Every structure is written in structure tokens, then in C-alpha cells.
Colleague: 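First the structure, then my questions, so here it is.
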Amino acid sequence: MFTYYHNMNIYIDSINNPTYQNEFKQRKVDFNKFHERQKIVGQHLKAKYLGLPYLDVLKGIPFVKNKHAKPYLKSKKCFFNISNSYELVILVTGSSDLGVDIEKKRDFSYKRITSAFNPDELDYLSKQVGTEQSIMTLKLWTIKESVLKQVGVGLSGNPKSVHIDLENLQYANRDNCIYLLQDLNFFDKYLGTIAIKQEKCD
């Protein structure tokens with residue numbers, strides 16, 4: 001699936017796609033776990049939609065990494081980022097450096113990951129009721145992870161270092177840098193966020 005969204009290209013695939021099943025078996029993946037299959041699908045998405053030979057992608061030839069090990073195209077053709085959750089894998093490309101994170105909608109209590117949230121965020125989540133509390137917990141999590149992935153540090157960068165504007169969920173702040181948040185709201189069973197750093201940081 002392909003979607004053009006806010007000047008970005010979004011490519012979506014599933015580990016259940018019949019195209020990949022033989023390769024999963026050939027590469028002897030553990031079908032009881034998601035991450036090995038997600039990785040293979042992500043490699044195919046990068047090869048197909050970044051215009052790269054698949055074997056080169058497997059070897060990492062087209063990429064260079066920053067100091068945090070975030071990959072970029074050597075060709076500088078575009079920026080990209082990948083996320084996955086359960087069956088779904090998503091690749092986003094654009095003209096600005098970005099981070100993306102998706103989560104499958106499910107029952108999930110913020111009390112399981114209180115260390116990720118700041119006091120105002122915990123207060124915000126505590127006031128949500130029922131299913132909405134799970135949805136908003138996952139939503140705030142995708143905001144934090146998308147920002148950390150934009151920076152390139154991933155979860156090692158400390159989710160609590162990302163402060164979310166809870167009024168409209170359109171901006172976040174980390175280390176005096178402002179990040180514009182794009183809501184991925186066209187999924188049925190998933191939610192997500194794309195983060196792009198604004199030009200000026202204090």
C-alpha cells in the first residue's frame with residue numbers, strides 16, 4: 001500500500017503478505033516472534049521504494065550511519081525511516097529528516113510505563129477513561145519514540161526527555177528543539193506519528 005501524506009511517501013506492508021513466506025522459511029525465521037519477519041519486510045520495502053538492489057540492502061552498502069547509528073542514504077536521494085508493530089511494517093520517505101513510530105491498537109495501561117512520561121503527561125493519561133486511555137497511552141508513546149527516532153537515539157535517548165504539547169498533540173520539545181508531529185490517522189487497527197524537527201533550535 002502507498003499513500004502520499006503531508007509531502008511524504010508512506011509505504012505499508014504486512015508480514016502476512018504471501019510474497020514473503022518462502023523467504024521466511026528459507027531464512028529459518030522463528031514464526032513465534034515478529035521481529036525477524038518485520039526486519040525482512042522492511043528490507044524489501046527499502047529495496048523496492050528507495051530503488052536499491054535487494055542484496056545491497058542486506059549488506060548495508062547503500063547506507064551511512066550517523067553517530068547514533070541511524071541509517072541514511074549515501075546518495076542523499078531522500079530521508080527515510082521505518083517502524084513496525086505486530087503484523088504491520090511502514091516505510092516513510094521525505095525531503096526532511098524524520099522519525100516514525102506505529103503501534104497496534106490494544107489494551108495497554110500507562111501504569112506499565114510510567115517512567116516514560118512526565119508529570120503533566122501522567123496527569124493527562126490518568127484522566128482518560130476506558131479504551132481511550134489505552135489509545136492515548138499508545139499515541140503519546142508513538143510521539144516520544146518518533147522524536148527519538150528522528151534524532152537517531154531511539155529509546156536509549158530517554159522517552160521522558162520528550163515533552164509533548166498536550167493541547168493539540170501537534171508539537172513536542174526535546175533539548176530545546178521543537179518537533180512538528182504528523183498524526184497517522186488513516187489506519188484501522190493501528191495508530192502512529194511522524195516527527196520532523198523544525199529548522200530553529202534554541
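Keep in mind that what you see is a predicted model, and the values were worked out from it rather than measured.
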Colleague: How close do Ser14 and Val41 get, heavy atom to heavy atom, and via which atoms?
Modeller: O-CG2, 4.1 Å
Colleague: If you take all heavy atoms of Gln150 and Ile196, which pair is closest and at what distance?
Modeller: CG-CA, 4.5 Å
Colleague: How about NZ on Lys39, more than 12 heavy atoms from neighbouring residues, nucleotides or ligands closer than 6.0 Å, or not?
Modeller: no
Colleague: Under 4.0 Å between a Lys/Arg side-chain N and an Asp/Glu carboxylate O for Lys104 and Glu87?
Modeller: yes
Colleague: May I ask whether Ile61 and Leu55 are part of the same hydrophobic cluster, defined by side-chain heavy atoms of I, L, V, M, F, W, Y residues being less than 4.5 angstrom apart, directly or through others?
Modeller: no
Colleague: Can you tell me if Lys74 has over 12 outside heavy atoms packed within less than 6.0 Å of its NZ?
Modeller: yes
Colleague: Compute whether any side-chain donor of one residue and acceptor of the other, for Tyr20 and His44, lie under 3.5 angstrom apart.
Modeller: no
Colleague: First locate atom CG of Asn118, then atom CD1 of Ile164, and finally report the distance between them rounded to the nearest 0.5 Å.
Modeller: 8.0 Å
Colleague: Ring centroid separation for Tyr124 and Tyr110, is it under 6.0 angstrom?
Modeller: no
Colleague: Apply the test side-chain hydrogen bond (donor to acceptor under 3.5 Å, both in side chains) to residues Thr142 and Thr193: give CA-CA distance (whole Å), side-chain angles for both, the deciding distance (0.1 Å), then the verdict.
Modeller: CA-CA 6 Å; Thr142 67; Thr193 304; 2.8 Å; yes
Colleague: Quick one: list whatever passes ring-ring contact (aromatic ring centres under 6.0 Å, His included) with Tyr179, sequence neighbours left out.
Modeller: none
Colleague: Would you say that Leu58 contacts Tyr54 through its side chain, given a criterion of any heavy-atom pair below 4.5 Å between the two side chains?
Modeller: yes
Colleague: Just wondering, do Ile178 and Lys197 contact through their side chains at under 4.5 Å, heavy atoms?
Modeller: no
Colleague: Got a second to check how far Lys46's NZ is from Thr93's OG1, nearest 0.5 Å?
Modeller: 13.5 Å
Colleague: Does the side chain of Ser146 come within less than 4.5 Å of Ile194's, by heavy atoms?
Modeller: no
Colleague: With a 4.0 Å cut-off on N to O distance, would you call Asp30 and Arg37 a salt bridge?
Modeller: no
Colleague: Just do the ring pair (Phe, Tyr, Trp, His ring centres under 6.0 Å) check on Tyr86 and Phe34 with the steps written out, would you?
Modeller: CA-CA 6 Å; Tyr86 290 81; Phe34 288 97; 5.4 Å; yes
Colleague: Any link between Tyr72 and Leu98 through a network of hydrophobic side chains (Ile, Leu, Val, Met, Phe, Trp, Tyr) touching at under 4.5 Å?
Modeller: no
Colleague: Using modelled atom types only, decide if a donor and an acceptor are shared between the side chain of Lys149 and the backbone of Ala195 within a distance under 3.5 Å.
Modeller: no
Colleague: Between Leu50 and Cys78, is a side-chain contact (heavy atoms from CB on, under 4.5 Å) present by the stated rule, with each step listed?
Modeller: CA-CA 8 Å; Leu50 298 178; Cys78 65; 3.8 Å; yes
Colleague: Show me the donor-acceptor pairs within less than 3.5 Å that the side chains of residues 153-160 make with the rest of the protein, sequence neighbours left out.
Modeller:
unit_1, atom_1, unit_2, atom_2, d
Ser156, OG, Val153, O, 2.6
Asn158, OD1, Lys160, N, 3.1

Colleague: Which heavy atom of Ile90 sits nearest a heavy atom of Phe187, and at what distance?
Modeller: CD1-CZ, 3.9 Å
Colleague: Quick check on the hydrophobic clustering: are Tyr190 and Ile15 connected, directly or via other members, by side-chain heavy-atom contacts under 4.5 Å?
Modeller: yes
Colleague: Any Lys/Arg nitrogen of Asp188 or Lys105 sitting under 4.0 Å from an Asp/Glu carboxylate oxygen of the other?
Modeller: no
Colleague: Look at the side chain of Asp175 and the backbone N and O of Cys177, then say whether any donor-acceptor pair between them is shorter than 3.5 Å.
Modeller: no
Colleague: Are any of the side-chain heavy atoms of Phe80 and Val92 separated by less than 4.5 Å?
Modeller: no
Colleague: Asn81 side chain to Val100 main-chain N or O, any donor-acceptor pair under 3.5 Å?
Modeller: yes
Colleague: Considering non-hydrogen atoms only, spot the tightest contact between Pro71 and Phe63 and give its length.
Modeller: CB-CB, 4.4 Å
Colleague: Could you tell me whether Glu121 and Lys144 make a salt bridge, using a distance below 4.0 angstrom between a side-chain N and a carboxylate O?
Modeller: yes
Colleague: Please name the pair of heavy atoms, one in Leu125 and one in Gln133, separated by the smallest distance, quoted to 0.1 Å.
Modeller: O-NE2, 3.1 Å
Colleague: State the CZ-OG1 distance between Phe24 and Thr19, to the nearest 0.5 angstrom.
Modeller: 9.5 Å
Colleague: With heavy-atom distances below 4.5 Å as the criterion, would you say the side chains of Val162 and Asn173 are in contact?
Modeller: no
Colleague: Who passes side chain to side chain contact (heavy atoms under 4.5 Å, CB included) against Leu180, sequence neighbours left out?
Modeller: Tyr171, Gln182, Gln198
Colleague: So, taking the atom named CG in Leu52 and the one named CD in Gln43, what distance separates them when rounded to the nearest 0.5 Å?
Modeller: 12.0 Å
Colleague: Please examine the side chains of Tyr49 and Leu91, heavy atoms only from C-beta on, and report whether any two atoms are closer than 4.5 Å.
Modeller: yes
Colleague: Are Leu191 and Ile135 side-chain neighbours, meaning at least one heavy-atom pair lies under 4.5 Å?
Modeller: yes
Colleague: Nearest 0.5 Å, please: how far is OG in Ser161 from NE2 in His163?
Modeller: 7.0 Å
Colleague: Find out whether Val89 and Ile12 are in side-chain contact, i.e. whether some heavy atom of one side chain is under 4.5 Å from a heavy atom of the other.
Modeller: no
Colleague: Under 4.5 Å between side-chain heavy atoms, counting indirect links through other Ile/Leu/Val/Met/Phe/Trp/Tyr residues: same cluster for Phe79 and Val64 or not?
Modeller: yes
Colleague: Specify the closest pair of heavy atoms between Ile143 and Ala172, including all atoms of both residues, with the distance to one decimal.
Modeller: CG2-CB, 4.2 Å
Colleague: Taking atom CG of Leu181 and atom CG of Leu169, what is their separation to the nearest 0.5 Å?
Modeller: 8.0 Å
Colleague: Please check this pair: side chain of Asn66 against backbone of Lys70, looking for a donor-acceptor N/O pair closer than 3.5 Å.
Modeller: yes
Colleague: Quick check against the 3.5 Å criterion: does Ser83 have a side-chain atom that pairs as donor or acceptor with the backbone of Ile102?
Modeller: yes
Colleague: Does Asp107 CG have over 12 foreign heavy atoms under 6.0 Å away?
Modeller: no
Colleague: Report whether Leu88 and Val29 are members of the same hydrophobic cluster (ILVMFWY, side-chain heavy atoms less than 4.5 Å apart, transitive linking).
Modeller: yes
